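This report concerns only the one structure given below.
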Number of protein chains: 2
Amino acid sequence: MEYNSKQIQIIEVAERLFAQKGFAGTSVRDIAQEADVNVSMISYYFGSKEKLIEALFQFRMTESRSRLETLVTNDELSPMQKINMLIDNVIDRLMGNQSFHNIMLRETLSSDRNETISKHIMGLKMRNIELMQRLIQEGQAAGVFREGIDMSLMSTTLYGTVNYAIATQDFYKKINNLESMGEEEFQIHLKRSLSQHLKSLFKSTVTNEHHIQN
Amino acid sequence: MEYNSKQIQIIEVAERLFAQKGFAGTSVRDIAQEADVNVSMISYYFGSKEKLIEALFQFRMTESRSRLETLVTNDELSPMQKINMLIDNVIDRLMGNQSFHNIMLRETLSSDRNETISKHIMGLKMRNIELMQRLIQEGQAAGVFREGIDMSLMSTTLYGTVNYAIATQDFYKKINNLESMGEEEFQIHLKRSLSQHLKSLFKSTVTNEHHIQN
DNA sequence: GATAAATTCAAACGATCGTTTGAATTTTGT
DNA sequence: ACAAAATTCAAACGATCGTTTGAATTTATC
C-alpha cells in the first residue's frame with residue numbers, strides 16, 4: 001500500500017496525537033483539525049479510525065526493516081562490536097521514532113489488542129530476538145561470551161531501559177539538572193548516556209571473564 | 001480519605017479495566033456494570049471519572065509506602081545485600097500490583113497528564129531514586145562499589161526491565177516454551193528469573209572489581 | 001472541452017460518552 | 001418509632017463520539 005502526501009500528513013498527525021493522548025483519547029476530529037483536512041477524509045482514505053492506526057503501523061513497520069540483518073555475516077567486526085552496534089541501533093530507532101514507539105508500548109500494555117497490530121508487534125519482536133540470539137551464539141562459539149545467557153531477559157533489559165528512559169526523560173532532565181539544555185542537545189546527551197550505560201552493562205554481563213554464577 | 005467496601009470495589013474494578021483498556025478506553029458504564037453498582041454511584045462517591053482515577057492513585061500510593069526506608073540504617077547487611085533486597089522489593093511491588101503499575105506507566109507515557117497523578121508519580125520516583133542513591137553511596141564509602149555510577153540510568157534499567165518484562169510476559173512465555181505452565185507457577189518463575197538476571201546485572205556493574213572504563 | 005473519476009465539504013446520523021435528576025429505598029441516630 | 005441522612009435506581013441531560021450522506025468542486029482521461 002502506498003500513501004499520497006495527504007494520507008501521510010494524516011498518519012503523521014495521528015501518530016503524534018496517539019502518542020500524546022492515547023488511541024481512545026484522540027478523536028478523529030482532533031486529527032482532522034490538526035492535519036487541516038475534513039473529518040470525513042479519514043473514513044474516506046482509511047475506512048475507519050481503527051484502520052488508520054493499522055495503516056500507521058504498516059507505514060512505520062515497513063520503513064524500519066533494519067539494515068542490521070547483514071550484521072551477523074560481517075566478518076570484520078568482533079562479536080562485542082556487533083553487540084554494541086545492535087545497542088546503538090536500538091537506541092537510534094526508538095529515540096528517532098519516539099511517538100511511534102510510544103504507541104507501540106501503549107498497545108503492548110493493552111490486553112484487548114487489535115489483531116493486525118498484535119501480529120506486527122509480535123513479528124518485530126521475533127526478528128529482534130532472533131538477531132540477538134545469533135549474535136550471542138556467535139560470541140559463544142568464538143569463546144568470548146559466557147554460556148547460559150538469558151537471551152529474552154537481556155533483550156527485555158535493552159528495550160525496557162530505552163523505552164523507560166524515553167518515557168521518563170523529563171524526570172531524567174530534572175534529576176541531572178539539564179533543564180537549561182536545548183532540546184536537541186539534550187536528546188544527543190541522552191542517547192550518548194544510554195549508549196555508554198547499556199554497552200557497559202552488556203559487556204560485563206555477556207563476557208565470561210570475571211562472571212560469578214550464583 | 002477512607003473508603004467503604006463499595007468504594008473499594010469500584011476502585012478495584014476501575015483499576016483492572018483501566019489497565020486492560022486504558023483510562024479513555026474505559027467507560028463509567030463498563031466500571032459500574034462489572035462492579036455491580038448503578039452508573040450514578042461513581043459520580044456520587046467520587047465526583048467524576050477523573051476523580052476516580054485520582055482516588056485510585058491515592059489509594060494505591062499510600063498503601064505502598066515501602067518498609068524499605070529503614071534499609072539504609074540496617075547495619076547487619078552488606079551494601080550488596082541491600083541492593084539485592086531493593087531489586088527484589090521492586091520486582092515484588094511491580095509484579096504484585098501489575099494493573100496499577102500498568103496504569104502508572106500509561107500515565108507516564110501521556111504528555112497531557114492529570115496534575116494530581118503527575119505529582120504522585122513524581123514523588124514516588126523521587127523517593128525511589130533517593131533511596132537508591134543512599135544505598136550506592138554507602139557502598140562507595142565502604143569501598144566495595146565503584147565510583148561514577150549513573151544512578152538515574154541504573155534506576156531506569158531496574159524499573160524499565162521489570163515494567164517491560166511484565167508488559168511482554170505473554171511473549172516471554174511463548175519464547176521460552178512455558179505455555180503449559182500454570183499462571184501462578186509462571187509468575188513465580190518470572191519473578192525468580194528477573195531477580196537473578198537483575199542481581200547479576202547490578203553486581204557486575206556496581207562493584208569496582210574488574211570494571212573497565214571506556 | 002466533455003465525461004468520468006477522485007476529492008472536498010457542511011451537515012446530519014445514531015450511538016455512546018460522563019454526569020445529573022428526583023423519586024424511592026435503606027440505613028442511621030435518637 | 002420517627003425524622004434525618006445516606007444510598008440506590010431508572011431515566012434523561014447535553015456533549016461528543018465515529019461514520020455516512022449527497023451535493024459541490026477539483027482533477028484526470030481521452
Side-chain angles (χ1 to χ4, degrees), chain A residues 1-59 103 106-107 110-117, chain B residues 1-59 103 106-107 110-117:
Chain A
M1 189 66 66
E2 289 183 8
Y3 302 107
N4 61 44
S5 64
K6 207 124 225 170
Q7 288 171 307
I8 291 175
Q9 188 181 350
I10 293 172
I11 288 177
E12 286 175 344
V13 168
E15 180 180 46
R16 180 166 50 82
L17 294 183
F18 289 162
Q20 278 173 14
K21 321 197 283 180
F23 177 73
T26 304
S27 72
V28 291
R29 284 176 176 82
D30 287 342
I31 300 168
Q33 188 169 357
E34 297 238 0
D36 205 36
V37 299
N38 188 275
V39 215
S40 59
M41 299 305 294
I42 287 158
S43 295
Y44 178 70
Y45 276 134
F46 300 98
S48 69
K49 187 189 178 188
E50 195 75 24
K51 295 271 189 64
L52 170 57
I53 195 178
E54 291 177 14
L56 164 61
F57 267 81
Q58 201 233 1
F59 183 66
I103 297 169
R106 281 178 191 268
E107 286 296 317
S110 287
S111 52
D112 54 348
R113 274 157 262 172
N114 174 299
E115 199 184 330
T116 306
I117 292 176
Chain B
M1 188 66 67
E2 290 184 10
Y3 301 107
N4 62 43
S5 64
K6 208 125 225 171
Q7 288 172 308
I8 291 175
Q9 189 182 349
I10 294 172
I11 288 178
E12 286 175 344
V13 168
E15 180 180 46
R16 179 166 50 82
L17 294 184
F18 289 162
Q20 278 172 13
K21 321 198 282 180
F23 177 73
T26 304
S27 72
V28 292
R29 282 176 177 82
D30 287 341
I31 300 168
Q33 188 169 358
E34 296 239 1
D36 205 38
V37 299
N38 188 274
V39 216
S40 59
M41 298 307 292
I42 286 157
S43 295
Y44 177 71
Y45 276 135
F46 300 98
S48 68
K49 187 188 176 188
E50 196 73 26
K51 295 271 190 62
L52 169 59
I53 195 177
E54 291 177 14
L56 164 60
F57 267 81
Q58 202 233 359
F59 182 65
I103 297 169
R106 282 178 192 268
E107 287 295 318
S110 288
S111 51
D112 55 348
R113 273 156 263 171
N114 175 298
E115 200 184 331
T116 305
I117 292 176

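Nothing here was measured: the structure is a model prediction, and the numbers come from that model. A, B, ... follow the sequence lines: proteins, then strands. Residue 1 opens every chain. All values below come from the heavy atoms of this structure, side chains included, with hydrogens, waters and symmetry mates left out.
Atom CD in A:Gln33 sits roughly 15 Å away from atom C1' in C:dC9 (whole-Å rounding). Note: CG (B:Asn4) to P (C:dT26) measures 18 Å, nearest angstrom. One atom, NZ of A:Lys6, and another, C1' of C:dT7, lie 9 Å apart when rounded to the nearest Å.
When only modelled atom types and interatomic distance are considered, B:Asn114 and B:Glu54 share a side-chain donor-acceptor pair under 3.5 Å. For B:Thr26 and B:Arg16, the side-chain atoms include no donor-acceptor pair closer than 3.5 Å. For the residue pair A:Tyr3 and A:Gln9, no side-chain donor N or O sits within less than 3.5 Å of a side-chain acceptor on the partner.
Listed by chain and residue number, nothing satisfies the side-chain contact (heavy atoms from CB on, under 4.5 Å) test with B:Gln33 (two or more places apart in sequence, or in another chain). Among residues two or more places apart in sequence or in another chain, the salt bridge (Lys or Arg N to Asp or Glu O under 4.0 Å) test is passed with B:Lys51 by none.
Within the nucleic acid shown, B:Tyr45 comes within 4.0 Å of sugar-phosphate atoms alone, with no base atom in reach, counting heavy atoms only.
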Item to complete: If a protein heavy atom is under 4.0 Å from the base, mark B; if only from the sugar-phosphate, S; if neither, -; do that for nucleotides 16-27 of chain D going 5' to 3'.
Response: -BBBBB------
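Nearest heavy-atom pair across A:Leu52 and A:Ile10 is CD1-CG2, 4.1 Å.
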